[in-house]
2 protein chains.
Amino acid sequence: MTKLNRSVERGLSILEVISSNGVCSLAFLAERTGLPKPTILRICATLVQQRWLTQSRSDSRYRVGSRFPRVNSHPDSIDSLVEAGASAILALTDATGLGVDLAAPIGNGRVEIVDTTRTFSEHGIFPDCIGYRPSPFRSALGCAFLAALEPEQEAEYSARLAVHTTGKDRAAALALPAKLREVRAQGFATREDGYWGRAVDYGGIPSAIAVAIGSPGHIVGAVSLIWLAEQHSVASVAKAHLDKLNATAQEIGKLYAANLG
Amino acid sequence: MTKLNRSVERGLSILEVISSNGVCSLAFLAERTGLPKPTILRICATLVQQRWLTQSRSDSRYRVGSRFPRVNSHPDSIDSLVEAGASAILALTDATGLGVDLAAPIGNGRVEIVDTTRTFSEHGIFPDCIGYRPSPFRSALGCAFLAALEPEQEAEYSARLAVHTTGKDRAAALALPAKLREVRAQGFATREDGYWGRAVDYGGIPSAIAVAIGSPGHIVGAVSLIWLAEQHSVASVAKAHLDKLNATAQEIGKLYAANLG
DNA sequence: AATATGGATTTCACTAGGTGGAACGCTATG
DNA sequence: CATAGCGTTCCACCTAGTGAAATCCATATT
């Protein structure tokens, strides 16, 4: 058997973690890959130098770079969505007292968080989530997006997503059809219990509900309300704020369409 | 300065060569990257094991695998094009005595060779080119395709292509606008002198002329005539066969449209 | 202001892991 | 049958990668 190259293996696993999770800190990469930090630092430095990754100047976290052969993403449409959503999500935060996340599809059935109103002092949840790509199966945003798609497109994406799925996500992927039926029935998606429930990353375990933005067959994103699980139940937040969340989604959708037209 | 990781660098350069050139043999990779073959073999074995590459069982050449975050390709439309072109390119070979290549766009401004009539004994040029992605700037097929696009789409693609361009291709990329004007003026595209002119890969230095298939704004591919440079000049082949080449392109375009309708 | 915390980064001695020239086996060509 | 070029294997060499520990640095806490 031909020998393999360990460094290349490690480089690929880092690329895979970043490409499926979006922006990643060194510590997060260490946790996910099980590699020592200096090793990751050197490999990431190489990837950055080759522009497969870029590194944020302020917090030195990594995300995919210009040379990464990405699935056709539409940076323009992401910009439009952020612009369309800016004031609406602030208003929703004011009205509810909760954090609001805005996510855009990135073309492969997944979404990426593109804006947020979270602040640590107000919502007890760390705000540095922009660029993060939550699980398509287990997160509120991811499920809201998938549930709103036309059946054919949903089938195509979920088949493609299943290929790259491992570990806990695998189980969630198998349970997806049931979950999406539930989402459609109740009119909003929820974050799976325990999903990414590392208190250290949030300051506390979060709960969230999310709905899609757009009309069936042309979904342009998703918005969510997010709060500390210990403070409110999903049911109570849904009862109190779901209508506002839906109104916000519709407003953003309209504004988005208007901006493009 | 943080140290870099040489193996990772090498792995990336291999991925880049394969992703832009399509199917690649070990020897081709060795030539392009300047690395010794055993090193490439080990790195490719790693990439194959991680499914970033697949290796053809018959001739052990490499191409992108299921884990490679690929640009959306359209296998269906490629199939249609091959079907639509099959008899037409055979007829063109019969009529001209030259080799004919058929290429389809892969969605990022580049084309991939999807069928050929080349046989070594008849045309003195090796036929194992299917799956290969010729340079968008320097090959006849690539330029014919770009020159036929609408200005906006051409601008978008060439901007995107320029990002990933290095070495000799970089110079060619800068000269592209002039080259495309020339292509439009004379009605066909030519292979750049010396482009991949390694006699060893062809049995001899080839020349080629190419035209696009389709109507402006909806280009579905390109066809080329290819021959040994020492046997005919570009001018003489164009004078003798350009009309047949154009007729073939039109015929394939019509058939393609009919098959889809 | 001082202290504590938890990241990112640097250092450095060690040696596992990668290297590549040379040799091999195979297949197609002449 | 000889040749050429390919992918692949071998293996002695030693560099290039490693990772525990130390250091730096920014932010939160007292």
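Throughout, protein chains are lettered first and strands after them, A, B, ... in sequence-line order, and every chain is numbered starting at 1. Reckoned from all heavy atoms, side chains included, excluding hydrogens, waters and symmetry mates.
- Between A:Ile40 atom CD1 and C:dT10 atom P the separation is 15 Å, expressed in whole Å.
- One can place NZ of B:Lys37 at 17 Å from P of D:dC10, the figure rounded to the nearest angstrom.
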Counting primed atoms, P, OP1 and OP2 as sugar-phosphate and everything else as base, the B/S/- map of nucleotides 14-19 of chain C against protein heavy atoms under 4.0 Å is ---SSB

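- Separating the CZ atom in A:Arg32 from the CD1 atom in A:Ile14 is a distance of 13.5 Å, to the nearest 0.5 Å.
- The side chain of B:Ser25 lies closest to D:dG7 when the candidates are C:dG7, D:dG7, C:dG21.
- In this structure, the side chains of A:Ile252 and A:Val223 come closer than 4.5 Å at one or more pairs of heavy atoms.
- Considering only heavy atoms from C-beta on, B:Gln55 stays 4.5 Å or farther from B:Arg61 through its side chain.
- Whole-Å rounding puts the B:Leu26 CG to D:dT9 P distance at 11 Å.
- If you take CD of B:Gln55 and P of D:dC6, they are 16 Å apart, rounded to a whole angstrom.
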Show your reasoning for whether side chain to side chain contact (heavy atoms under 4.5 Å, CB included) applies to B:Arg42 and A:Leu4.
CA-CA 5 Å; B:Arg42 282 188 298 266; A:Leu4 300 178; over 6 Å; no

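- When atom types are taken as modelled, the side chain of B:Arg10 and the backbone of B:Ile40 share no donor-acceptor pair closer than 3.5 angstrom.
- Comparing the local axis fitted to the first five base pairs of the helix from C:dA1-D:dT30 to C:dG30-D:dC1 with the one fitted to its last five gives a bend of 40°, rounded to 10°.
- When the nucleotides D:dG7, C:dT9, C:dA22 are ranked by their closest atom to the side chain of B:Pro38, C:dA22 comes out on top.
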Decide side chain to side chain contact (heavy atoms under 4.5 Å, CB included) for A:His232 and A:Leu98; before the verdict, give the C-alpha distance in whole Å, the side-chain angles of both, and the deciding distance to 0.1 Å.
CA-CA 10 Å; A:His232 314 278; A:Leu98 308 176; 4.1 Å; yes

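- Between B:Val64 and B:Trp52, every side-chain heavy-atom pair lies at or beyond the 4.5 Å cut-off.
- Under the salt bridge (charged side-chain N to carboxylate O under 4.0 Å, His left out) criterion, A:Glu16 pairs with B:Arg67, not counting sequence neighbours.
- Distance A:Glu31 CD to C:dG7 P: 10 Å, rounded to the nearest Å.
- Distance, A:Leu41 CG to D:dC25 C1': 15 Å, rounded to whole Å.
- Rounded to a whole Å, the CG atom of B:Leu29 is 13 Å from the C1' atom of D:dC6.
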Go through the steps for B:Cys44 and B:Leu53 under the test side chain to side chain contact (heavy atoms under 4.5 Å, CB included), then give the verdict.
CA-CA 8 Å; B:Cys44 283; B:Leu53 297 180; 4.2 Å; yes

